[in-house]
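The block underneath contains the structure these notes are about, expressed in structure tokens.
Note: hydrogens, waters and symmetry copies are ignored here, and every other heavy atom, side chains too, is used. The first residue in the sequence is number 1, and the count goes up from there.
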Amino acid sequence: MIESLKEILLVLGRIVTILPLLLLIAIYMGKRAIGQLPVFDFLIIVTLGSVVGADIADPNVHHLPTAVAIVAIGFLQRIVANWKISNRTIGRLLTFEPTIVIQHGKFLNKNLKKIRYSIDNILQMLREKDVFDIKEVETAIVEANGSISVLKIPQKNTVTLEDMKINRSTSSIAVPVIIEGTVYPDILEDFNLDQQWLLEHLAIQGVHNLKDVFFASINGNHELHISLINEESIKVPTINH
């Protein structure tokens, strides 16, 4: 009983001493490492968590070496961060490149596969940016830290309904009706449409095979917006850090 109480007090003492040190190191590392978490900083945070977790959970781990490790990791992160700022080559080696995933309202299938993001991932991230229809997007970029940056088309970006003093009672939201060649009949039913209507409107846009469709959405006005599996006609700008 006494031994158990001693171990509990030892763990509590380690928490009280190690967490302030961890806080100081996190502040020293800077806001960028905590807020954006590029890949190297993510590894630093994971390593810090492992070191601190082992120290707190296991009374047999020596406390002083843990403190030294935390300080050393903090210094290493700061040194590498300075290298990345002063040398673009090192910076590019230690992080991901930004990747364009939507251009001119069309999903770029190859780029999505390259960064292993699904359509659902991108749609969720767009909704978090208050974008509910990809045809409103001129360019969407998945940044090095995994977040998404969105440039809307000029019609959706420069003048708002409020600017024009126009009141609109409903908002347009586009719902996926085809994803990677698979049709969702329940979505068509919700719009009182059928697959024949879908095939006809695909044909109007020059699409005669469902397997060629990477993504298609439909809105309340029954407007069909399509992204093909191979959007070869779209010129994608080059973006570096």
Q. Can you name the residues that form a ring pair (Phe, Tyr, Trp, His ring centres under 6.0 Å) with H225, not counting sequence neighbours?
A.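 Here no residue qualifies.
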Q.
Checking W197 now: which residues fulfil ring pair (Phe, Tyr, Trp, His ring centres under 6.0 Å) with it, not counting sequence neighbours?
A.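 H201.
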Kindly write out the residues that satisfy side-chain hydrogen bond (donor to acceptor under 3.5 Å, both in side chains) with [X], not counting sequence neighbours, or none if the list is empty.
X	value
H104	E138
E231	none
Q205	none
N121	S118

Side-chain touch [X]/[Y], heavy atoms, less than 4.5 angstrom:
X	Y	value
E223	I218	no
P237	Q103	yes
I73	V51	yes
D120	I179	yes
I141	E143	yes
V150	T139	no
Q196	E200	yes

Same hydrophobic cluster for [X] and [Y], using side-chain heavy-atom links shorter than 4.5 Å among ILVMFWY?
X	Y	result
L224	L199	yes
V71	V80	yes
F75	V52	yes
I79	L48	yes
I119	V213	yes

**Q.** Pairs satisfying side chain to side chain donor-acceptor pair (under 3.5 Å), at least one member in residues 206-217, at least two apart
**A.**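 Applying side chain to side chain donor-acceptor pair (under 3.5 Å) to every pair that reaches into residues 206-217, excluding sequence neighbours, yields nothing.
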Q: Sequence neighbours left out, what pairs pass side chain to side chain donor-acceptor pair (under 3.5 Å) with at least one residue falling in residues 175-195?
A: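 Residue pairs with at least one partner in residues 175-195: there are none.
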Q: Check G146 against Y117 and note the closest heavy-atom contact, atom names and distance.
A: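 The answer is O-OH, 3.3 Å.
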**Q.** Closest non-hydrogen atom pair, A174 against D133
**A.**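 Heavy-atom minimum between the residues: CB-CG, 3.4 Å.
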Kindly write out the residues that satisfy side chain to side chain contact (heavy atoms under 4.5 Å, CB included) with [X], not counting sequence neighbours, or none if the list is empty.
X	value
I229	N109, F214
V175	I187, F191
P185	none

Q) Within the side chain of K106, is there an N or O that forms a donor-acceptor pair under 3.5 Å with the backbone of I226? A)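 Yes, K106 side chain to I226 backbone: donor-acceptor pair under 3.5 Å.
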Q.
Using a 3.5 Å distance criterion without hydrogens, assess whether the side chain of N111 forms a donor-acceptor pair with backbone atoms of I100.
A.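 Checking the backbone N and O of I100 against the side chain of N111, a donor-acceptor pair under 3.5 Å is found.
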